[in-house]
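Everything on this sheet refers to the single structure shown next.
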Amino acid sequence: MINLAVFCDFKQGSLTNNSKSLLNYISILVKKNTNITVNLYTFQEINSCQITNSLHIEKISSYLVDSNVYFSTNASLEQLILHLKGNNITHIFCTKSAINDLICSKLSMILNFNLITNIKSFKIENGLMYFSKSIFSGKALANMHGSSDPCIAIFPKGFSGDLSEKDSEELKDINIERIVSSYISTSKIIDESKIQNEVQLSEADIVVGAGRGLKDPNNWVIIEKLALTLKAATACSKPVSDLNWRPHHEHVGQTGIKINPKLYIACGVSGAIQHLAGVNGSRTIVVINNDPDAPFIKHADYIILGDLFEVVPELTKLLQEI
Amino acid sequence: MKILVCISIVPDTTSKITKEESNKFLNRNDLTYIVGPYDDYALSRAVEIKESTPDVEVAILHVGLESSEPLIRKCLALGADYAIRVNGEPKNSIQIANEICHYVNENQFDLILMGKEAIDYNSGMIHGLVAAGLNYNHFSPVMSLKIIKEGIEVQIETDTGKSIIQSQLPAVLGCQEPIAEWKIPSMRGIMTARTKELKVFDMIQDESNFQIIDESVNETNRKQIMIPKDNLNLLLQELKKDIQFN
Ligand SMILES: Cc1cc2nc3c(=O)[nH]c(=O)nc-3n(C[C@H](O)[C@H](O)[C@H](O)COP(=O)(O)OP(=O)(O)OC[C@H]3O[C@@H](n4cnc5c(N)ncnc54)[C@H](O)[C@@H]3O)c2cc1C
Ligand SMILES: Nc1ncnc2c1ncn2[C@@H]1O[C@H](COP(=O)(O)O)[C@@H](O)[C@H]1O
């Protein structure tokens with residue numbers, strides 16, 4: 001019997017796309033394996049929650065700590081751990097996020113569950129779970145032994161398993177059970193700034209990235225216009241954030257954010273290996289560069305050789321017309 | 001104040017990954033190894049704190065084999081006081097975390113700095129595992145770190161933005177840019193590093209269940225389709241097969 005807990009992420013009250021795809025995938029698993037029961041948990045404030053019918057779920061357990069503290073010590077998780085134990089949870093699945101990483105690493109140590117991250121593919125056979133992990137910045141894969149041991153599996157953002165199957169979209173409202181923690185922390189949040197209105201990079205389906213080829217921070221208007229037209233997030237290369245042309249949190253790559261959108265459009269980025277390390281999880285890559293020898297060309301699905309100052313506005317115009 | 005910086009030693013992203021002919025695993029011998037770039041930031045911040053605050057001691061800890069020692073010396077050259085190597089093959093996050101916890105339990109530290117993640121497996125888990133094992137405060141990814149009267153003030157990235165948090169010590173932090181200026185060792189640093197102490201201990205446990213059964217090189221073959229710059233419509237037609245524009 002697999003007693004699965006799924007940690008779900010909400011943003012502005014609704015389930016994130018990442019959690020939706022994971023839940024969709026899990027509902028397909030549940031259909032094929034009758035010995036899985038699913039329990040949902042969340043660490044965000046929510047008032048309602050809709051889940052597909054086929055998961056046979058009646059409630060989601062919402063676990064919050066006081067808003068001006070953070071999940072910084074083991075004590076902050078005490079009530080959650082009691083709840084997980086009460087439900088005889090044997091496995092925890094979630095998609096990568098700051099909060100899930102924080103909580104899962106601690107739960108792994110406290111509950112003595114194995115920890116598997118960066119999952120590329122997954123299957124269950126004869127009650128054993130088989131994971132394949134992406135390693136060395138996506139350059140290689142490691143296949144793991146099948147196991148029925150308790151584990152915490154953190155799936156990358158955008159994980160959807162076998163894309164050919166899609167669950168019926170029928171949604172129903174489920175109850176919210178609040179687990180209240182009485183934890184008092186020795187840490188205090190003294191200031192919070194929320195990223196607003198812009199599409200968040202790590203959540204985006206489409207990302208427009210730009211590099212030193214833009215030549216000046218003022219030129220970013222053309223990138224922002226393209227991104228706005230596509231409802232895309234913007235990203236940049238490391239030198240660009242080092243030069244303070246763009247905020248640090250936009251830098252993707254080996255030392256920055258790893259993205260895996262459906263589409264990444266790179267404008268004036270040379271495609272250094274350290275940059276590729278952050279973007280090679282993208283499903284489709286379009287490169288706009290005027291140098292036929294730019295390393296990125298070899299790692300692109302579509303290549304436009306040309307001056308980005310002509311190509312980008314032209315592309316934006318075409319997109320606005322459809 | 002005693003600061004411990006844990007460093008990972010990982011293949012450089014520029015390394016070409018190949019498969020070992022005779023067996024099922026990747027060829028690790030030909031790879032170029034570097035100190036994890038995030039760990040470099042953590043160490044740089046520790047050295048900055050040491051340089052600007054009285055009575056700060058910075059130690060480096062690495063769980064790994066003897067072949068890592070030249071890179072550990074490089075970390076010493078950046079300004080750490082001494083280093084510890086826990087001898088054995090690092091196999092998984094939980095094993096490494098247990099080794100770190102064991103050392104810290106015997107040699108109290110106020111602040112443990114790590115990178116946000118090691119770039120071999122990109123897990124970003126060891127700092128959380130260690131914090132739980134020691135029951136210390138834990139924050140990650142930390143973008144700025146100040147020592148204050150009460151302990152520390154950190155700026156972290158959250159799923160919705162950024163938060164500034166004040167917390168007490170002891171604490172374990174996963175660090176990322178722009179926490180410090182990236183440093184390169186000075187000539188003097190390199191000279192003094194030669195005589196700094198590098199202690200070696202044996203692993204407390206080496207029986208961790210190593211679960212990887214085989215490895216393969218991931219060939220993502222991109223389509224490589226040229227789009228003439230005066231026919232961008234062609235690009236849109238291609239993309240529409242995959243993506244919905246609205
Ligand atoms: C340890 C380490 C970690 C690193 N981590 C990262 C990381 O996380 N992320 C990252 O991005 N980098 C990282 N780097 C830096 C990386 O090696 C490259 O230096 C960087 O990615 C290059 O940035 P760029 O492509 O913006 O600039 P450049 O290399 O200068 O490339 C600019 C490109 O724009 C093109 N161009 C110029 N003008 C035009 C035009 N008018 N029209 C079209 N194209 C034009 C040029 O042909 C060129 O290809 C790291 C480096 C090291 C050593
Ligand atoms: N073998 C190791 N020895 C010491 N510290 C390590 C080791 N591996 C990883 N770390 C530390 O743990 C951090 C997170 O690693 P990971 O959880 O593997 O992504 C790294 O940035 C290092 O600071």
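So you know, we letter chains A, B, ... as the sequences are listed, proteins then strands, and number each from 1. From a predicted model like this one, the values you see are computed outputs, not experimental measurements.
In terms of heavy-atom pairs under 4.5 Å with chain B, the best-connected choice from S185(A), G256(A), S241(A), G306(A) is G256(A). In terms of heavy-atom pairs under 4.5 Å with chain B, the best-connected choice from K298(A), K262(A), E314(A) is K298(A). Per-residue heavy-atom pair counts under 4.5 Å with chain B were compared for V311(A), L263(A), D9(A), T16(A), and the maximum is reached by L263(A). Comparing I110(A), I116(A), L305(A) by heavy-atom pairs within less than 4.5 Å of chain B, the highest count is held by L305(A). When the candidates Q166(B), K229(B), Q168(B) are compared by the number of heavy-atom contacts under 4.5 Å with chain A, Q166(B) comes out ahead. Of the listed residues (S72(A), S108(A), A272(A)), the greatest number of heavy-atom pairs within a distance under 4.5 Å of chain B belongs to S72(A). Considering only heavy-atom pairs separated by less than 4.5 Å from chain A, the leading option among L236(B), L232(B), D159(B), I227(B) is D159(B). The greatest number of non-hydrogen atom pairs below 4.5 Å with chain A, out of M143(B), E238(B), K19(B), Q176(B), is found for E238(B). Of the listed residues (M144(A), K139(A), H299(A), E310(A)), the one with the most heavy-atom contacts under 4.5 Å to chain B is K139(A). For the set I225(B), I17(B), I165(B), I156(B), the entry with the most heavy-atom pairs within less than 4.5 Å of chain A is I225(B).
One distance of note links OG1 of T117(A) with CE of M125(B); it measures 6.5 Å at 0.5 Å rounding. Here OG of S187(A) is found 12.5 Å from CD of E153(B). Values are rounded to the nearest 0.5 Å. N122(B) CG to K96(A) NZ: the interatomic distance, rounded to the nearest 0.5 Å, is 8.0 Å. With rounding to the nearest 0.5 Å, the separation of CG in N92(B) from CG in L115(A) is 9.0 Å. Residue L134(B) holds its CG atom at 13.0 Å from OG1 of T73(A), rounded to the nearest 0.5 Å. The structure places OG1 of T158(B) at 8.5 Å from CD1 of I189(A), a figure rounded to the nearest 0.5 Å.
Within 6.0 Å of NZ on K183(B) lie more than 12 heavy atoms contributed by other residues, nucleotides or ligands. Within a 6.0 Å radius of CD in E181(B), other residues, nucleotides and ligands contribute 12 heavy atoms or fewer. For N105(B), the CG atom sits in a packed shell: over 12 heavy atoms of surrounding residues, nucleotides or ligands are nearer than 6.0 Å. Residue-environment remark: NZ (K162(B)) exceeds the threshold of 12 foreign heavy atoms within 6.0 Å. Sparse packing is recorded around CD of E78(A), with 12 or fewer heavy atoms of other residues, nucleotides or ligands lying under 6.0 Å away. Within 6.0 Å of the NZ atom in K223(B), the count of heavy atoms belonging to other residues, nucleotides or ligands exceeds 12. Crowding of I184(B) atom CD1: a count of heavy atoms from other residues, nucleotides or ligands under 6.0 Å not exceeding 12.
Of all heavy-atom pairs spanning S282(A) and R222(B), the tightest one is O-NH2, 2.9 Å. Nearest approach of K106(A) to H138(B), heavy atoms of both residues: NZ-ND1, 3.1 Å. Counting all heavy atoms, side chain and backbone alike, A140(A) lies closest to L26(B) at CB-CD1, 3.4 Å. In plain terms, the two heavy atoms of M109(A) and G133(B) that are nearest each other are CG-N, 3.7 Å.
Using a 4.5 Å cut-off between heavy atoms, I103(A) makes no contact with chain B at all. Interface residue A142(A): backbone and side-chain heavy atoms are both found under 4.5 Å from chain B. When heavy atoms are compared at a cutoff of 4.5 Å, P11(B) approaches chain A solely by way of its side chain, counted from C-beta outward. If you measure heavy-atom distances from V286(A) to chain B, the contacts under 4.5 Å come from the side chain alone. Looking at D230(B), neither its backbone nor its side chain comes within 4.5 Å of chain A, counting heavy atoms on both sides. With a 4.5 Å cut-off on non-hydrogen atoms, L129(B) touches chain A through its backbone and its side chain both. Proximity to chain B is limited to the side chain of N118(A), based on heavy atoms less than 4.5 angstrom apart. With a threshold of 4.5 angstrom between heavy atoms, Y38(B) approaches chain A through side-chain atoms but not through N, CA, C or O. Interface residue D242(A): only side-chain heavy atoms are found under 4.5 Å from chain B. In this structure, the portion of I206(A) lying under 4.5 Å from any heavy atom of chain B is its side chain and not its backbone. With a threshold of 4.5 angstrom between heavy atoms, S93(B) does not approach chain A through any atom at all. Only the side chain of K116(B) comes within contact range of chain A, with at least one heavy atom under 4.5 Å from a heavy atom of that chain. Contacts of F113(A) with chain B are made by backbone atoms alone, with heavy-atom separations under 4.5 Å and no side-chain atom involved. The contact between I304(A) and chain B is made by backbone and side chain atoms together, counting heavy-atom distances below 4.5 Å.
Under the 4.0 Å criterion applied to side-chain N and carboxylate O atoms, K258(A) and E117(B) are assigned as salt-bridge partners.
Counting only heavy atoms from C-beta outward, the side chains of P37(B) and Q274(A) never approach each other to under 4.5 Å. Taking 4.5 Å as the limit, every side-chain heavy atom of L318(A) sits out of range of all side-chain heavy atoms of L235(B).
The backbone N or O of I303(A) sits nowhere less than 3.5 Å from a side-chain atom of Q224(B) that would complete a donor-acceptor pair.
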Test side-chain contact (heavy atoms from CB on, under 4.5 Å) applied to D120(B) and F136(A), step by step: CA-CA 5 Å; D120(B) 47 1; F136(A) 297 163; 3.8 Å; yes

